[in-house]
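Encoded as structure tokens, the structure appears first; notes follow it.
Just so we're on the same page: letters track the sequence lines, and every chain starts at 1.
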Protein chains: 2
Amino acid sequence: MDSSMVRKRRADALSRTRIVEAAIVLLDSAGEGALTFRALAAKLDTGLGALYHHLTDKADLVAAACDTIVVKVLTNLDASAEPVDRVRQLGLALYDAMDQHPWLGSTLPRVRGLSVVRILEPIGQSLVQLDVPQPEQWSTASALLHYMLGVGGQTAANAQVARLGDMNRESYLEAAAKEWAALDPVAFAFVRSVAGQLPRHSDRQDFLAGLDLILAGTRMLTVASKTRPRRKA
Amino acid sequence: MDSSMVRKRRADALSRTRIVEAAIVLLDSAGEGALTFRALAAKLDTGLGALYHHLTDKADLVAAACDTIVVKVLTNLDASAEPVDRVRQLGLALYDAMDQHPWLGSTLPRVRGLSVVRILEPIGQSLVQLDVPQPEQWSTASALLHYMLGVGGQTAANAQVARLGDMNRESYLEAAAKEWAALDPVAFAFVRSVAGQLPRHSDRQDFLAGLDLILAGTRMLTVASKTRPRRKA
DNA sequence: ACCTGAACACCGTTCAAGT
DNA sequence: ACCTGAACACCGTTCAAGT
């Protein structure tokens, strides 16, 4: 019962879930480069080989970490909302998760397993409810998925650069804005013209604006198909 | 003048450009995992340290490889085309480059340097020409950029999985379709419903369809702004 | 069955030493 | 100035050996 005994007998046994949770903590606190089997073993106070008894691979570990977050995001969604709102909610929830766990955006695309399919499913279901014509359902769902993943990748990259330079978000954006403003006025006319808004802008709002752009384009697909009315199911 | 002398005196001296070109060949032929300073040194018949005399980092090398491709893509664009067509051309050219160099899609987002800004610039210029209102220019250009990068990331991931499994595109897609068809009928209703089209679909056409979705949404921004007409410059 | 940690085959990067 | 290659400090992964 005394503390030395508790320390000897581990509070909870090593398990896949515990390892993955520790991996997420490691990734969140110090970035992708910090996830190491050795660091993980030290954090869990165990040996290297023990980890391989619960995981097949590092890829397996990363995939499990991703899937844990993705499942959590999808579980918290409100299924009763209108289809368009469901997609927006899903997008924002995913954005927030990628913002909170920057390693997610760079890892999710290349992860094996169901994580990406899990995200695709509610998107597709919403499009079906929106009466997007069958031939366009797949490409539209893909477009929404790729957009979300693309934003996540960039979020991850920015977080990584900021971390390497040991900067916070504001100083990073201001440095980028200054860099852009110094570019060639002819070749980079547009980028220079928007450099000023860079430090003040909200990535989250921009994400939603882009999502709404795709959803607006999607609405036109349904409108176009409604001119040839189909009977209801 | 005889061949032994030619072999002794290297045909062309080691240079940053030559190194980057060799790196691209290595990446194209065997994937991201094959790009190693040791492999590169062997290919160029030089020492390890010599490479560091022309490069600061591995990140520097990868960034240079990316930028080489990006610059090539952008150089070949037809600047005289209509704005919408310019964006589509740019998108397709980028898609093709990412298809041909699968490592590009997974690397581009996290690369330091101008590569991403180079892509953003012509997108933004096209939006200006399209009379997209100033407040929406940045978020719209970002959306288009992120979409393109998102598709590239997925292309890269698919190529990677196919390479690991030693499969060609067709057998990879058929395996994925079979996997999807075996998913839970309730939880994955949508994904199952589109599994059949997976082997036959064209990623390139889907990419364009998604791009057009965003462009259709963008057109609505300009139409909306035209109801309050502004004087011409 | 579950765990340990030394050992192996790699990496990126550095640096004294050469030309 | 440019190049060499041994050396260093890491990796992921394996595996005989322990309990």
ask   = Between atom CG in B:Leu14 and atom C1' in D:dC2, what is the gap in whole Å?
value = 9 Å

key: Any A:Leu51 side-chain heavy atom under 4.5 Å of A:Leu44 side chain   = yes

ask   = What nucleotide among C:dT4, D:dT14, D:dT4 has an atom nearest to a side-chain atom of A:Thr46?
value = C:dT4

task = Provide, to the nearest angstrom, the distance between the OH atom belonging to A:Tyr52 and the C1' atom belonging to C:dG5.
result = 14 Å

remark   = Taking for A:His53 and for B:Ala50 the nucleotide of DNA chain C with the nearest heavy atom, the one nearer the 5' end belongs to A:His53

ask   = What is the distance from CZ of A:Arg16 to C1' of C:dC3, rounded to the nearest Å?
value = 18 Å

task = On the 0 to 90° scale, with breaks at 30° and 60°, tag the A:Trp138-B:His201 ring pair as parallel, tilted or perpendicular.
result = perpendicular

message = With a 4.0 Å limit, can you tell me whether A:Thr36 has a side-chain N or O closer than that to the phosphate oxygens OP1/OP2 of D:dC11?
response = yes

query = Can you tell which of C:dG12, D:dT13, C:dC3 lies closest to the side chain of A:Lys58?
reply = D:dT13

ask   = Is there a donor-acceptor pair closer than 3.5 Å between any side-chain N or O of B:Ser106 and the backbone N or O of B:Trp103?
value = yes

inquiry  = So if I take every side-chain heavy atom of B:Leu48 and compare against D:dC3, D:dG5, D:dG12, which nucleotide ends up nearest?
reply    = D:dG5

request  = Check the distance between C:dG5's P and A:Leu40's CG and give it to me in whole angstrom.
outcome  = 15 Å

ask   = Can you check salt bridge (Lys or Arg N to Asp or Glu O under 4.0 Å) on B:Asp67 and B:Lys72, steps first, answer last?
value = CA-CA 8 Å; B:Asp67 208 44; B:Lys72 201 177 297 172; over 6 Å; no

message = From CG of A:Asp57 over to C1' of D:dT14, roughly how many Å is that when rounded to an integer?
response = 13 Å

message = Would you say the ring centers of A:Tyr147 and B:Tyr147 fall short of 6.0 Å from each other?
response = no

inquiry  = Using OP1 and OP2 only, check whether a side-chain N or O of A:His54 sits under 4.0 Å from C:dC3.
reply    = yes

inquiry  = Applying a 4.0 Å non-hydrogen cut-off, can you work out what B:Leu35 is touching in the nucleic acid: base, sugar-phosphate, or nothing?
reply    = sugar-phosphate

key: Spacing between A:Asp45 atom CG and C:dG5 atom C1', to the nearest angstrom   = 14 Å

query = With both distances under 3.5 Å as the test, what is the Watson-Crick or G-U wobble partner of C:dC2?
reply = D:dG18

query = Given that both distances must come in under 3.5 Å, which nucleotide forms a Watson-Crick or G-U wobble pair with C:dC8?
reply = D:dG12

Whole-Å distance separating the CG atom of A:Leu55 from the P atom of C:dC2 = 13 Å

request  = Would you mind reading off the distance between A:Arg38 atom CZ and D:dG12 atom C1', rounded to a whole angstrom?
outcome  = 7 Å

inquiry  = Can you work out whether A:Gly49 or A:Phe37 has the more 5'-proximal nearest nucleotide on DNA chain D?
reply    = A:Phe37

